[in-house]
Visitor: 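Quick one: the structure is below, questions incoming.
Bear in mind the structure is a predicted one, so any value in this text is a computation, not a measurement.
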Amino acid sequence: MSNKRTLDGFFKPAESKRPKIEASQEVSSHASYPYPIPHLPCSITDALGFAPAAEAKAINDQPDLDLLHFQPYIPKDVQADLFKFLRREFFFYRVQYTIKRGSIQTQINTPRYTTVFGVDETSYFGVDGSLLESKTKQPVPKDRYKCMPRPLPQCLDVLRKITEGTAGETFNFCLVNYYANGNDSISYHSDDERFLGPNPAIASFSLGAKRDFLMKHKPAPMSMSEPAKPEAKPLKLLLASGDMILMRGTTQTNWLHSIPKRKGADSGAGRINITFRKALVRGGTENYYQYNVGSGGIFRWDNKKQEMVSWKATEGSPTPGPPGTVSLTA
DNA sequence: ATATATAAATGAT
DNA sequence: CATCATTTATATA
């Protein structure tokens with residue numbers, strides 16, 4: 001289609017206003033994706049060259065705590081575009097399960113949307129997108145994984161590389177969470193799974209709505225009767241769009257963190273959280289895909305409804321976005 | 001089975 | 001009422 005202005009177009013201001021972000025023609029495709037994911041628009045990629053946009057504030061004045069807070073990391077002028085791009089292009093899952101409370105079955109909707117990319121260090125993706133063994137460079141046996149690992153799409157891989165440079169660490173996994181509103185949350189936990197190794201570094205990005213991030217030291221193991229320890233007050237950080245926190249050292253083994261539910265002001269706005277981490281062994285891959293993808297359906301952002309809607313995997317109807325040339329892999 | 005994890009429910013300010 | 005801290009219930013390893 002031609003970009004020449006027509007008389008018709010002249011009287012349609014909506015047409016000229018629309019493309020705020022230049023659409024990228026290329027996409028990341030992979031057999032494990034429900035549909036191809038567009039590459040990052042170069043306006044965003046270019047701006048990311050200036051990241052980190054601020055020097056980090058070190059937060060290490062408490063026992064076993066070692067973290068850096070970049071406010072922001074993503075340059076201000078593209079932070080909103082990046083948020084919208086990712087929310088629009090990614091496929092999400094809302095893991096649900098049922099439990100019995102007393103006698104009544106209740107359905108639990110995991111209070112956030114999730115999606116995940118990556119594979120642990122024992123494997124990597126070849127240029128054609130196939131999984132290879134790190135050790136032998138041979139194809140991994142078909143039954144090695146119960147899940148189907150997904151390579152990072154280009155748009156995340158760009159961010160990954162920049163983050164690796166800042167952190168002085170390498171990452172092979174990317175977890176993406178979407179907190180649709182103040183009712184979405186995650187309760188206190190640590191990212192201290194064994195498959196991450198002893199002192200995992202985790203880079204966590206915030207985009208979209210501001211949310212509180214609470215951290216508290218793990219309770220000391222209860223010893224016999226005597227020492228009732230006074231629990232220290234949780235540390236509260238307000239995470240804004242474009243911020244990044246790098247958690248390292250002994251932080252994960254000794255601290256818990258959470259995103260609590262929030263009412264009021266920002267409660268209607270969505271927040272995307274992106275974490276980069278490194279899984280060392282197979283178990284990490286299985287775990288992450290099990291708990292962040294599960295077996296439920298796909299959700300996508302509906303710009304008209306301004307909410308996540310379940311996405312029908314009807315044949316051949318891929319992205320609402322522009323069809324482009326297909327790159328072989330991320 | 002003991003321990004850990006997670007979200008809901010409850011109680012307090 | 002919103003937030004915070006604690007407890008409860010269940011699941012899973």
Visitor: Between A:Ser187 and B:dT6, does any side-chain N or O lie under 4.0 Å from OP1 or OP2?
Guide: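 Result: no.
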Visitor: Determine, for A:Asp66 against A:Arg248, whether the closest basic-nitrogen to carboxylate-oxygen distance falls under 4.0 angstrom.
Guide: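 Counted as a salt bridge, because a side-chain N and a carboxylate O are separated by less than 4.0 Å.
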Visitor: Both A:Gln290 and A:Pro260 contact DNA chain C. Taking the nearest nucleotide for each, which residue is further toward the 5' end?
Guide: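 The 5'-side residue here is A:Pro260.
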Visitor: If I take atom NE2 in residue A:His257 and atom P in nucleotide C:dA5, what distance separates them, rounded to the nearest angstrom?
Guide: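 It works out to 17 Å between those atoms.
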Visitor: Tell me: CG of A:Asn287 to C1' of C:dA13, nearest whole Å?
Guide: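 Answer to the nearest Å: 11 Å.
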Visitor: Taking the six-membered ring of A:Tyr188, is the NZ or CZ of A:Lys216 close enough (under 6.0 Å from the centre) and on axis enough (within 45°)?
Guide: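 Verdict for A:Tyr188: a cation-pi partner in A:Lys216.
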Visitor: Specify whether A:Tyr73 and A:Phe205 have parallel, tilted or perpendicular ring planes, treating 30° as the upper limit for parallel and 60° as the lower limit for perpendicular.
Guide: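 It falls in the perpendicular class, over 60°.
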Visitor: Could you check whether A:Lys137 pairs with A:Glu133 (Lys NZ or Arg NE/NH1/NH2 to Asp/Glu carboxylate O, under 4.0 Å)?
Guide: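 Result for this pair is no, no salt bridge flagged.
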Visitor: Within this structure, what is the CG-to-P distance between A:Asn183 and B:dA7, rounded to whole angstrom?
Guide: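 That distance rounds to 14 Å.
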Visitor: May I have the distance from A:Asn177 (atom CG) to B:dT6 (atom P), rounded to whole angstrom?
Guide: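 Roughly 12 Å, once rounded to whole Å.
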Visitor: From CG of A:Asp192 over to C1' of B:dT6, roughly how many Å is that when rounded to an integer?
Guide: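 Spelled out: CG on A:Asp192 to C1' on B:dT6 is 14 Å.
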Visitor: Relative to each other, are the rings of A:His217 and A:Trp255 parallel, tilted or perpendicular (30° and 60° limits)?
Guide: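 Judged by the thresholds at 30° and 60°, the geometry between A:His217 and A:Trp255 is perpendicular.
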Visitor: What integer distance in Å separates A:Asn109:CG from B:dA8:P?
Guide: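 Checked: the CG to P distance equals 9 Å.
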Visitor: Compare side-chain N and O positions of A:Arg194 against OP1 and OP2 of C:dA13 and report whether any pair is under 4.0 Å apart.
Guide: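 It does not, given that no N or O in the side chain of A:Arg194 lies less than 4.0 Å from OP1 or OP2 of C:dA13.
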Visitor: I want to verify a distance call: between C:dT3, C:dA13, B:dA7, whose nearest atom is closest to the A:Arg262 side chain?
Guide: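 My answer, after comparing the listed nucleotides, is C:dT3.
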Visitor: Can a cation-pi geometry be assigned to A:Arg94 and A:Tyr113, taking NZ or CZ under 6.0 Å from the six-membered ring centre and within 45° of the ring axis?
Guide: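 Yes, a cation-pi geometry holds between A:Arg94 and A:Tyr113.
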Visitor: Please pick, from C:dA11, B:dA8, C:dT3, the nucleotide with the shortest atom-to-atom distance to any side-chain atom of A:Ile99.
Guide: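 Nucleotide nearest to A:Ile99's side chain: C:dA11.
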Visitor: Would A:Arg88 and A:Asp302 pass as an ion pair if we require N to O under 4.0 Å?
Guide: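 Between A:Asp302 and A:Arg88 there is no salt bridge, as every charged N stays at least 4.0 Å from the carboxylate O atoms.
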Visitor: Rounded to the nearest angstrom, tell me the gap between atom CD1 in A:Ile108 and atom P in C:dT10.
Guide: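 The distance from CD1 of A:Ile108 to P of C:dT10 comes to 11 Å, rounded to the nearest Å.
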Visitor: To the nearest Å, give me how far apart CZ (A:Arg211) and P (C:dC4) are.
Guide: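 After rounding, the reported distance stands at 12 Å.
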Visitor: Choose from C:dA13, B:dA7, C:dA5 the nucleotide whose nearest atom is closest to any side-chain atom of A:Lys233.
Guide: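 Closest nucleotide to the A:Lys233 side chain: C:dA5.
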Visitor: For a quick test of reading the model: is some side-chain N or O of A:Lys236 closer than 4.0 Å to OP1 or OP2 of C:dT3?
Guide: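 For A:Lys236, the contact criterion (side-chain N or O under 4.0 Å from OP1 or OP2 of C:dT3) is not met.
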Visitor: Where each pair must be Watson-Crick or G-U wobble with both distances under 3.5 Å, what dot-bracket representation of DNA chain B is obtained, with crossing pairs in [ ] and other-strand partners as |?
Guide: .||||||||||||
Visitor: Please work out if A:Pro234 contacts a base, only the sugar-phosphate, or nothing of the nucleic acid, heavy-atom cut-off 4.0 Å.
Guide: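 Sugar-phosphate: the residue A:Pro234, judged by heavy atoms under 4.0 Å, touches backbone atoms but no base.
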Visitor: On DNA chain C, does the nearest nucleotide to A:Thr98 precede the nearest nucleotide to A:Leu214 from the 5' side, or the other way round? Give the residue.
Guide: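 It is A:Leu214, whose closest nucleotide lies nearer the 5' terminus.
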Visitor: Look at the side chain of A:Thr110 and decide which nucleotide, out of B:dA8, B:dA5, B:dA7, has an atom nearest to it.
Guide: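 Of B:dA8, B:dA5, B:dA7, B:dA7 is nearest to the side chain of A:Thr110.
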Visitor: Taking the six-membered ring for Trp, are A:Phe91 and A:Tyr35 parallel (under 30°), tilted (30 to 60°) or perpendicular (over 60°)?
Guide: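 Perpendicular.
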Visitor: Does a nitrogen or oxygen in the side chain of A:Lys261 sit under 4.0 Å from OP1 or OP2 of B:dA8?
Guide: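 Affirmative; the distance criterion is met.
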Visitor: Select one nucleotide: of C:dT12, C:dT10, C:dT3, the one nearest the side-chain heavy atoms of A:Tyr291.
Guide: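 Out of C:dT12, C:dT10, C:dT3, the nucleotide with an atom closest to A:Tyr291's side chain is C:dT12.
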Visitor: As a test of reading the structure: which of B:dT6, C:dT3, C:dA13 is closest to the side chain of A:His189, going by heavy atoms?
Guide: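 In terms of side-chain proximity for A:His189, the closest of B:dT6, C:dT3, C:dA13 is B:dT6.
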Visitor: Side chain of A:Lys263: nearest nucleotide among B:dA7, C:dA2, B:dA5?
Guide: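 The listed nucleotide nearest to A:Lys263's side chain is C:dA2.
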